[in-house]
*Asks:* 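Got a structure for you, written out below as structure tokens; questions coming shortly.
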Amino acid sequence: MYRPEKGTATFSVIGYIIRNDMSKKQIPPSDTVCTSSDQTLFDAKTFLKNAPAEPGVYCMRGAKAQWLYVGKAKNLKSRLSSYFNDTVCAMKTQVLVSKILNIEVIVTTNETEALILEQTLIKKHKPVYNILLRDDKSYPYICLSEHKFPQLLLYRGKRKKQGKTFGPYPGVGAARESLKILQKIFKVRQCDDSYFSNRKRPCLQYQINRCKAPCVGYVSAEEYQEDVIRSEKFLQGKSQQLICEFVEKMDVASAAMEYEQAAIYRDQIQDLQKLQISQVVNLSKGDIDVIGLATRSGVCCIEILFIRKGSLLGNRHFISTFRLDESSEEILSAFLSQFYISHASRRDFPEEILLNCEVMESDSLQLLISRLSTHKVCITQVINKKQEPYKRWMMMATKNAQQALDTHLISKQTLLQRFSQLKEGLCLSSMPEQIECFDISHTHGEGTVASCVVFDQSGPLSRLYRRFNIKNITPGDDYAALRQAVERRYIIYSDSDSKKSSIKTDEHKLPDILLIDGGIGQINTVTEVLKKLKVNVPVYGVAKGEERKPGMESIIDAATHQVYHFDTNHLGFLLIQQIRDEAHRFALVSHRMRRSKVRKTSFLESIKTIGPKRRTELIKFFGGIQGVKQAEITDIMKVRGISRKLAEEIYKTLHD
């Protein structure tokens with residue numbers, strides 16, 4: 001792709017019309033000068049005044065001509081104006097705009113051509129604020145060579161090898177599994193040609209019944225060719241057709257009293273049936289890519305399930321960071337563009353791409369992907385699909401994306417980097433080894449629960465997690481709830497506590513940092529409790545910004561009240577977000593459990609003198625709790641084991 005050059009002016013609006021035949025025609029530089037490249041501020045007002053209201057691509061450049069962001073637009077003037085609007089409140093977008101020194105505009109004939117150009121520039125220059133898909137590996141194939149006795153082999157690279165290729169497979173593991181099945185059922189050789197041509201006696205594969213030894217003439221070319229054809233059918237997803245074929249041959253062999261041959265067909269049928277049963281999801285037909293998305297702590301994970309011929313062939317996931325405030329729709333749109341357009345030469349295009357939400361400019365994406373794949377590719381939402389397998393596939397893709405994201409976030413290497421960056425960011429004397437975080441959860445004061453989660457440099461220590469059911473406080477008083485939880489958690493470290501001698505060093509270690517989800521009020525409350533208990537733990541508050549948006553929090557040191565503001569991609573800040581989010585999740589789960597338990601509890605359980613046996617008798621006698629409520633005292637007395645005094649107590653409890 002030709003890179004636009006600067007005109008004679010310090011900054012010019014430059015465009016290239018990309019025609020349908022992909023020829024380029026340079027538009028002469030505009031006479032309007034926007035801003036000098038050596039100035040620290042970009043003159044957006046002058047630039048927007050002369051920006052074209054046409055489809056195209058814009059390239060934002062920073063200091064030393066650094067590529068910051070490449071985007072496309074249906075209307076360049078309208079899209080670029082949104083970046084410099086006074087109402088823009090996204091912190092990440094403001095950071096991007098503050099770094100802009102230059103913008104280059106490339107006008108195209110339509111949105112589709114803009115999409116192609118955008119992906120070409122992203123792939124070439126890797127702008128720092130674009131979501132970048134790292135997918136440099138070529139996909140593996142299974143290749144069937146052109147010999148008298150063809151060989152099945154794993155092949156990676158461009159499909160230039162002679163013979164038939166099947167795939168691509170999402171990973172080497174899936175391809176090897178298919179080869180293993182083929183070797184067991186059809187016994188087609190997988191050895192190298194040099195090994196095959198120099199054999200004088202059968203190898204171990206023949207001994208374990210995984211090959212028919214064509215190298216020493218133990219099988220005829222005609223019989224071997226039949227196995228090759230069946231292998232092709234299997235790789236094309238025609239397992240059911242093979243089963244029917246084997247059933248017919250088994251019946252013929254059995255009628256001819258060739259029982260050994262019939263037994264071979266029977267075993268092949270059983271192996272193929274087991275393979276079909278092991279497929280959790282399947283349809284009679286369909287080539288579909290199912291894409292699930294999970295995002296957290298500035299990282300996104302996209303999982304793809306590859307459905308071919310109605311069967312789940314395999315899966316892959318991609319993990320990337322996003323540096324702007326992208327929505328799920330924007331992230332998926334960027335992913336589809338790069339996955340299917342920038343890397344089109346390595347793709348096995350499906351007939352349908354299944355998503356769980358709409359994507360931006362889906363019509364343009366669908367048109368271009370279809371053009372690159374030589375057949376129509378539909379981009380659809382799972383909500384528009386009524387068949388059950390589609391929903392199950394999407395649930396599986398989303399769950400796998402979440403699992404892969406969790407694994408990435410807690411990986412030791414990532415965590416060590418985050419702990420190291422946190423030490424530098426908070427100016428600590430040493431790297432923290434253990435961090436604890438508290439959070440409070442309730443519904444309008446009901447079922448208040450406090451959570452305490454623990455992280456070390458290897459990840460979350462779930463065995464040290466603690467939940468505290470908060471009692472005897474004013475409903476909705478978060479300060480009182482936090483005070484009670486912190487006191488109950490750290491009282492064992494108090495000099496006056498008799499349990500201190502029983503503290504186990506490995507499981508009851510004081511944290512190096514105590515995080516509190518809250519601002520000045522919360523950290524002052526915690527500091528007072530720790531001071532009362534004579535426990536020395538550094539306390540930091542995670543205070544939300546005015547708009548309470550994730551990524552805009554500030555960190556407050558309880559000792560000095562110093563406020564730390566981190567870049568949204570700072571690894572130390574992402575660690576704090578990760579721990580805070582885990583504390584919030586654990587508190588929310590605990591609160592829901594407590595609230596559910598309370599709401600499912602019978603009114604009768606609040607009467608201390610009524611045990612499970614009497615409660616059962618009451619329910620049976622009156623047919624339910626509503627019957628007990630409607631009963632008079634004399635009616636309640638008729639139940640076995642209920643005295644008048646107890647009947648009066650039950651009546652009073654239920655009606656008060």
Side-chain angles (χ1 to χ4, degrees), residues 18 20 22 55 72 74 108-120 122-123 131 133 135 138-139 141 158-159 165-171 174 235-237 281-293 302-318 328-387 389-394 396-398 401:
I18 305 180
N20 292 332
M22 299 304 292
K72 65 182 180 303
K74 193 176 194 178
T108 62
T109 55
N110 52 52
E111 294 176 75
T112 304
E113 303 300 347
L115 191 57
I116 296 174
L117 179 56
E118 179 200 33
Q119 293 309 311
T120 303
I122 290 174
K123 186 176 180 180
I131 296 176
L133 172 63
D135 186 31
S138 57
Y139 282 8
Y141 294 84
K158 293 184 178 180
R159 286 177 280 186
T165 55
F166 303 90
Y169 286 81
L235 291 170
Q236 292 168 353
V281 288
N282 60 75
L283 284 176
S284 59
K285 59 181 180 179
D287 291 351
I288 306 172
D289 284 356
V290 185
I291 300 179
L293 170 68
I302 295 176
E303 180 84 11
I304 307 181
L305 301 182
F306 298 90
I307 313 295
R308 295 296 181 269
K309 307 298 181 184
S311 297
L312 178 60
L313 187 65
N315 68 306
R316 286 193 68 182
H317 68 262
F318 302 89
S328 298
E329 293 80 2
E330 292 172 318
I331 292 173
L332 284 175
S333 179
F335 173 80
L336 292 177
S337 300
Q338 294 187 52
F339 187 79
Y340 291 105
I341 299 173
S342 294
H343 303 276
S345 60
R346 297 200 294 271
R347 294 291 167 252
D348 175 32
F349 289 95
E351 297 171 353
E352 187 174 4
I353 300 171
L354 190 63
L355 308 170
N356 60 356
C357 65
E358 292 185 357
V359 295
M360 300 177 61
E361 301 170 350
S362 60
D363 293 340
S364 300
L365 277 170
Q366 184 171 290
L367 179 64
L368 183 52
I369 294 173
S370 298
R371 184 190 302 175
L372 293 171
S373 66
T374 68
H375 66 263
K376 186 177 181 180
V377 178
C378 298
I379 300 176
T380 56
Q381 285 183 264
V382 70
I383 195 173
N384 297 326
K385 293 288 185 180
K386 296 182 180 180
Q387 295 94 327
Y390 294 102
K391 296 179 181 178
R392 201 156 65 243
W393 282 333
M394 181 55 68
M396 185 186 299
T398 305

*Asks:* Could I get the full list of salt bridge (Lys or Arg N to Asp or Glu O under 4.0 Å) partners for E352, not counting sequence neighbours?
*Replies:* K385
*Asks:* So R371 and I369, do their side chains get closer than 4.5 Å, heavy atoms only?
*Replies:* no
*Asks:* Tell me, please, which residues at least two apart from I331 pass side-chain contact (heavy atoms from CB on, under 4.5 Å).
*Replies:* I131, L293, T295, C300, I302, F322, E326
*Asks:* Decide yes or no for I291 and L332: does some side-chain heavy atom of the first lie under 4.5 Å from some side-chain heavy atom of the second?
*Replies:* yes
*Asks:* Report yes if the side chains of I379 and Y340 come closer than 4.5 Å at any heavy-atom pair, otherwise no.
*Replies:* no
*Asks:* Could you tell me the separation between the CZ atom of F335 and the CG atom of L355, rounded to the nearest 0.5 Å?
*Replies:* 10.0 Å
*Asks:* Please give me the minimum heavy-atom distance between P55 and E111, naming the atom from each residue.
*Replies:* CB-N, 4.3 Å
*Asks:* Among residues at least two apart in sequence or on other chains, which ones pass side-chain hydrogen bond (donor to acceptor under 3.5 Å, both in side chains) with E329?
*Replies:* S327
*Asks:* Given 3.5 Å as the limit, does a donor-acceptor pair link the side chain of E113 with the main chain of T108, or not?
*Replies:* no
*Asks:* Going by salt bridge (Lys or Arg N to Asp or Glu O under 4.0 Å), name the residues that satisfy it together with E118, two or more places apart in sequence or in a different chain.
*Replies:* K72
*Asks:* Applying side-chain contact (heavy atoms from CB on, under 4.5 Å), name anything that partners K376, two or more places apart in sequence or on another chain.
*Replies:* S370, C378
*Asks:* Heavy atoms, side chains only, cut-off 4.5 Å: are K123 and Q338 in contact?
*Replies:* no
*Asks:* Does H375 reach the main-chain N or O of P350 with its side chain, forming a donor-acceptor pair under 3.5 Å?
*Replies:* yes
*Asks:* Please determine whether side-chain contact (heavy atoms from CB on, under 4.5 Å) holds for the pair M396 and L305, giving the CA-CA distance in whole Å, both sets of side-chain angles, and the decisive distance to 0.1 Å.
*Replies:* CA-CA 8 Å; M396 185 186 299; L305 301 182; 3.9 Å; yes
*Asks:* Is the shortest side-chain heavy-atom distance between L354 and M394 below 4.5 Å?
*Replies:* yes
*Asks:* When rounded to the nearest 0.5 angstrom, what distance separates CG in L336 from CD in Q119?
*Replies:* 10.0 Å
*Asks:* Does some side-chain heavy atom of L372 sit less than 4.5 Å from a side-chain heavy atom of I341?
*Replies:* yes
*Asks:* Drop me the distance from N356's CG to S328's OG, to the nearest 0.5 angstrom.
*Replies:* 7.5 Å
*Asks:* Within the structure provided, determine whether L365 and L367 are in side-chain contact (heavy-atom separation under 4.5 Å).
*Replies:* no
*Asks:* Would a 4.5 Å heavy-atom cut-off, applied to side chains only, mark D289 and I307 as touching?
*Replies:* no
*Asks:* Evaluate the ring planes of F339 and F306, with Trp represented by its six-membered ring, and classify them as parallel (under 30°), tilted (30 to 60°) or perpendicular (over 60°).
*Replies:* tilted
*Asks:* Only counting residues at least two apart or in another chain, list the ones meeting side-chain contact (heavy atoms from CB on, under 4.5 Å) with S362.
*Replies:* V359
